[in-house]
Amino acid sequence: MRAALCASLALLFAAPAHADTLIDNVNGITLDKDGKLIRFTGLVIDKDGKVAKLLDRKDKRPERPDFKEDAKGKTLIPGLIDAHGHVMGLGFSLMTLDLSETKSLDEALAAIRQYAADNPELPWIIGRGWNQEAWGLGRFPTAADLDAAVPDRPVWLERVDGHAGWANSAAMRAARVTAASKAPEGGRIEMANGQPSGVFVDAATNLIAAAVPKPLARDRDRAFLLAQQKLLEQGITTIADMGTTIDDWQSYRRAGDKHQLAIRIISYGHDVDNMALIGGPGPTPWLYDDKLRMVGVKLYLDGALGSRGAWLKAPYADAPGQKGLPLLTPAQLRNKMVRASMDGFQVAIHAIGDAANAEALDAITDLNADLPGERRWRIEHAQIVDPIDIPRFKQLGVVASMQPIHQPSDRLMAEARLGPARLKGAYAWRSMEQAGVRLAFGSDVPVESANPFPGIAAAISRTDAQGQPFGGWHPEEAVSRETALDGFTRSAAFAGFAEDRIGTLMPGMRADFLILDADPLLASPSEIRGMAPRETWIGGYRYYKRKGS
C-alpha cells in the first residue's frame with residue numbers, strides 16, 4: 001500500500017508544466033456539443049490546458065510546439081466521466097478487506113480468517129463486497145457464519161451494493177444490538193429464531209456502523225490518493241461523487257491545497273446536511289483549475305435489489321411478502337428537494353425499484369413548475385422502471401443516470417427477484433434513449449469496478465465477461481457505440497452542469513483525453529472489455545502512462 005501511495009504522488013508531481021502541446025498522428029475521436037461524431041489526426045493544446053485546435057491530415061502542424069508527442073496511430077478519445085461513483089468508498093475498499101471476488105461462503109470465510117490473522121493489530125475487521133447471490137447461498141449469511149472465522153473481534157462487512165451489512169456477534173455486542181433492538185424507519189434487521197441474524201438492511205446498518213471506529217484524517221487522505229491512482233489507471237478523468245460528506249470534502253480540499261488533486265470531482269452532498277455544510281448558500285464555484293465543485297445533493301429513496309431493499313410496486317417474486325423499503329416519506333422527499341432547489345443545488349435521487357422511480361417522478365411533477373432556474377433533475381440508477389413511467393423522464397427533463405455494468409452483474413438476480421413479466425423496464429437504456437431521455441453512464445464504484453470499458457461493452461452487447469447470454473440479455477435494450485461513448489463523456493458532463501468545460505474535445509474545452517491501443521467504435525465487445533489506457537491526460541497534463549507504453 002505504501003508503494004502504491006508513493007507511486008501516486010510521484011505521478012502527480014511528474015506531470016510537465018503547461019505548454020503549447022501537439023499530440024500528433026492519432027486516430028482521434030470526439031463528439032461535438034450536439035453529439036455529432038468528429039474524427040481528427042492531431043490535437044493542439046494551449047498553455048491553459050485547453051484544446052486549441054483539432055487537426056485533419058491536410059492541416060498544417062505548429063512548427064515549434066513546446067512539446068510534441070507522436071501517438072503512432074493510436075486512438076485518442078475524450079477522458080471518460082463516471083457519472084455515478086463513490087470516491088472514498090473506492091479508496092477505503094483498497095485499504096480494507098475486499099470480498100467482491102469470492103465465489104462461495106466458504107471462500108469468503110477463508111479470506112476473512114486470513115485477513116484477521118494478517119492484521120492482528122486491527123480492533124475491528126472492516127470490509128465490503130460480499131454477495132450471497134454470487135455465492136449461490138440461497139440465504140443471507142449469518143453472525144454464526146462469521147463467528148466461526150473471527151470470534152474474538154468485531155467484524156463488519158458491507159454488502160457489494162452498500163445497502164446491507166453483515167456483523168458477527170462481537171460487533172453486535174459492541175453496538176449493543178439485541179433481540180429488543182428496533183430497526184429505524186427505512187431499515188430492516190434480519191431475524192433468526194427471535195434474534196438478530198447478523199444482517200442489517202439499509203437504514204438499519206447504522207445500528208452497527210455507529211460503533212465502528214472512525215478513520216483519521218490521514219487515513220482518509222491515503223484512501224483518496226489510492227482511489228485517484230486507480231481511477232487514472234482506468235481512464236476516468238472526472239467522477240460524480242455521489243454522497244460526499246464533509247470529511248470527504250476536506251480530503252479533496254487538502255489534496256487540492258497540496259497540488260495533489262489530478263482527477264475532476266463533481267460532488268453531490270450526502271443528504272442536505274452535508275450539502276449545506278459544504279456549499280453553504282449554494283453550489284460552490286469550480287476550484288483548483290476546474291478540479292472540484294459541489295453542485296448538488298444525493299437523496300436515497302430506496303435500497304438495492306440484491307438485499308430486497310429496492311421499493312417495488314408489486315411484491316418480490318422470490319419473497320412474496322416483501323416490496324422493499326421506501327427510505328423517505330413523500331413529505332420528507334419533497335421537503336428535501338425544495339430545500340436544495342431553492343438554493344440552486346441540483347437534486348440526484350437514488351431510485352432502483354419501479355415504485356421508487358414512480359415516486360421520484362411524482363415528486364418532480366409536483367415541484368417542477370414552482371421552483372426557480374434550470375434544475376436538471378437526476379434519477380440515479382433507474383434500474384427497474386415501469387414502462388408507463390419511461391416517457392415521464394423526458395417530459396420532466398430528468399437525466400437517467402444509469403450504470404450499464406449492473407445489468408450483466410444483476411441479470412440472474414433480477415430474473416429471480418422480479419420474474420419475467422417485470423423485466424421489460426429493467427436496465428432499459430434503449431427504451432430511455434428512444435423516449436428522448438438523456439443518458440449519463442457510470443459504474444457505482446466500489447459496488448462495481450470503476451473500469452469504464454466493461455461498462456461500454458455491456459451497454460452495446462448486454463452480455464457479461466464470458467459473452468453470456470449468447471446474443472445478449474434483452475438485446476433490444478442495447479445501445480450503439482456512439483451512445484455508449486456519449487453516456488461516458490458529453491452527457492455525463494451535462495448531467496453535472498459541466499458541459500461548458502469537459503466531455504468533448506472541441507476547441508475551448510479542457511484537454512482531458514485517453515490514448516488507447518484500439519478504436520472502441522470499431523472493436524468487438526470482448527476487445528472493448530479488455531481495453532486499458534496507455535496514457536491519461538487531464539487539462540493538458542499527462543498524469544498516467546502505462547508501464548511499457
Side-chain angles (χ1 to χ4, degrees), residues 80 82-86 90 98-104 128-137 159-163 234-236 304-307 310 317-318 352-353 380-385 400-420 422-433 439-481 483-485 487-488 492 520 523-532:
L80 297 177
D82 191 322
H84 182 116
H86 307 279
L90 169 60
D98 180 9
L99 298 173
S100 60
E101 297 299 320
T102 57
K103 298 296 189 290
S104 69
R128 67 171 293 141
W130 61 270
N131 184 353
Q132 82 281 3
E133 298 296 326
W135 296 343
L137 194 59
R159 193 180 183 277
V160 65
D161 55 22
H163 286 270
Q234 294 177 322
I236 298 298
L305 205 60
S307 54
D318 59 355
I352 288 182
E380 304 303 311
H381 308 304
Q383 280 181 211
I384 314 300
V385 181
S401 173
M402 305 176 79
Q403 297 76 46
I405 197 61
H406 282 331
Q407 179 269 307
S409 294
D410 293 356
R411 171 174 62 91
L412 297 177
M413 178 188 65
E415 291 174 348
R417 295 286 189 269
L418 301 172
R422 284 187 285 173
L423 294 176
K424 187 168 178 55
Y427 313 86
W429 316 315
R430 180 65 174 154
S431 292
M432 288 280 190
E433 182 185 29
L439 292 173
F441 285 157
S443 70
D444 202 14
V445 64
V447 175
E448 304 276 1
S449 166
N451 187 345
F453 295 100
I456 293 172
I460 67 174
S461 71
R462 307 279 289 191
T463 60
D464 62 16
Q466 289 73 46
Q468 296 299 317
F470 180 77
W473 188 74
H474 293 271
E476 70 277 5
E477 292 295 351
V479 296
S480 69
R481 285 166 167 76
T483 296
L485 180 63
F488 279 102
S524 69
S526 62
E527 289 169 334
I528 293 171
R529 201 172 279 114
M531 285 183 177

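Only this structure's heavy atoms are used, side chains among them; waters, hydrogens and symmetry mates stay out. Numbers here are sequence positions counted from 1.
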A.B. asks: Evaluate the criterion side chain to side chain contact (heavy atoms under 4.5 Å, CB included) for residue pair Val447 and His406; output intermediate values, then yes/no.
C.D. replies: CA-CA 9 Å; Val447 175; His406 282 331; 3.7 Å; yes
A.B. asks: Please list all pairs passing the salt bridge (charged side-chain N to carboxylate O under 4.0 Å, His left out) test where one or both residues lie in residues 410-420, with sequence neighbours left out.
C.D. replies: Glu133-Arg417, Asp318-Arg417
A.B. asks: List the steps and the verdict of side chain to side chain contact (heavy atoms under 4.5 Å, CB included) for Ile456 and Phe441.
C.D. replies: CA-CA 9 Å; Ile456 293 172; Phe441 285 157; over 6 Å; no
A.B. asks: Rounded to the nearest 0.5 Å, how far apart are CZ of Arg481 and CD1 of Ile528?
C.D. replies: 5.0 Å
A.B. asks: Considering all heavy atoms of both residues, which atom of Gly306 and which atom of Gln132 are nearest to each other, and what is their separation?
C.D. replies: O-NE2, 3.3 Å
A.B. asks: If every non-hydrogen atom of Gln234 is compared with every non-hydrogen atom of Ala450, which pair is closest and at what distance?
C.D. replies: OE1-CB, 3.2 Å
A.B. asks: Looking at CD of Glu477 and NZ of Lys424, how far apart are the two atoms once the value is rounded to the nearest 0.5 Å?
C.D. replies: 7.0 Å
A.B. asks: Using the ring pair (Phe, Tyr, Trp, His ring centres under 6.0 Å) criterion, which residues pair with His84? Sequence neighbours excluded.
C.D. replies: His86, His381
A.B. asks: State, to 0.1 Å, how close Gln466 and Asp464 come at their nearest heavy-atom pair, and which atoms those are.
C.D. replies: N-OD1, 2.9 Å
A.B. asks: Are the side chains of Leu485 and Leu80 in touch, meaning some heavy atoms are under 4.5 Å apart?
C.D. replies: yes
A.B. asks: Testing Ser100, Ser443, Ser409 for side-chain hydrogen bond (donor to acceptor under 3.5 Å, both in side chains) with Glu448, which one passes?
C.D. replies: Ser409
A.B. asks: Give the intermediate values and the outcome of side chain to side chain contact (heavy atoms under 4.5 Å, CB included) for residues Trp473 and Leu423.
C.D. replies: CA-CA 10 Å; Trp473 188 74; Leu423 294 176; 4.0 Å; yes
A.B. asks: Roughly how far apart are Ser307 OG and Asn131 CG, rounded to 0.5 Å?
C.D. replies: 10.0 Å
A.B. asks: Please examine the side chains of Trp130 and Arg159, heavy atoms only from C-beta on, and report whether any two atoms are closer than 4.5 Å.
C.D. replies: yes
A.B. asks: Quick one: list whatever passes side-chain contact (heavy atoms from CB on, under 4.5 Å) with Ala400, sequence neighbours left out.
C.D. replies: Phe393, Met402, Met432, Val437, Leu439
A.B. asks: Do you know the tightest heavy-atom contact between Leu305 and Met413?
C.D. replies: CB-CE, 3.9 Å
A.B. asks: Taking atom CE of Met531 and atom CG of Asn451, what is their separation to the nearest 0.5 Å?
C.D. replies: 11.5 Å
A.B. asks: Working note: Tyr427 + His474, criterion side chain to side chain contact (heavy atoms under 4.5 Å, CB included); need CA distance, chi angles, decisive distance, verdict.
C.D. replies: CA-CA 9 Å; Tyr427 313 86; His474 293 271; over 6 Å; no
A.B. asks: Would you name the heavy atoms of Trp135 and Ser104 that are closest together and state the gap between them?
C.D. replies: CD1-N, 3.3 Å
A.B. asks: Heavy-atom count check: over 12 atoms from other residues, nucleotides or ligands less than 6.0 Å from Glu476 CD?
C.D. replies: yes
A.B. asks: Where do Ala492 and Ala83 come nearest, in terms of heavy atoms and distance?
C.D. replies: CB-CB, 4.0 Å
A.B. asks: Quick one: pull up CD in Gln407 and OG1 in Thr463 and give me the separation to the nearest 0.5 Å.
C.D. replies: 8.0 Å
A.B. asks: Could you check whether any side-chain heavy atom of Ile236 comes within less than 4.5 Å of a side-chain heavy atom of Pro452, counting everything from C-beta outward?
C.D. replies: yes
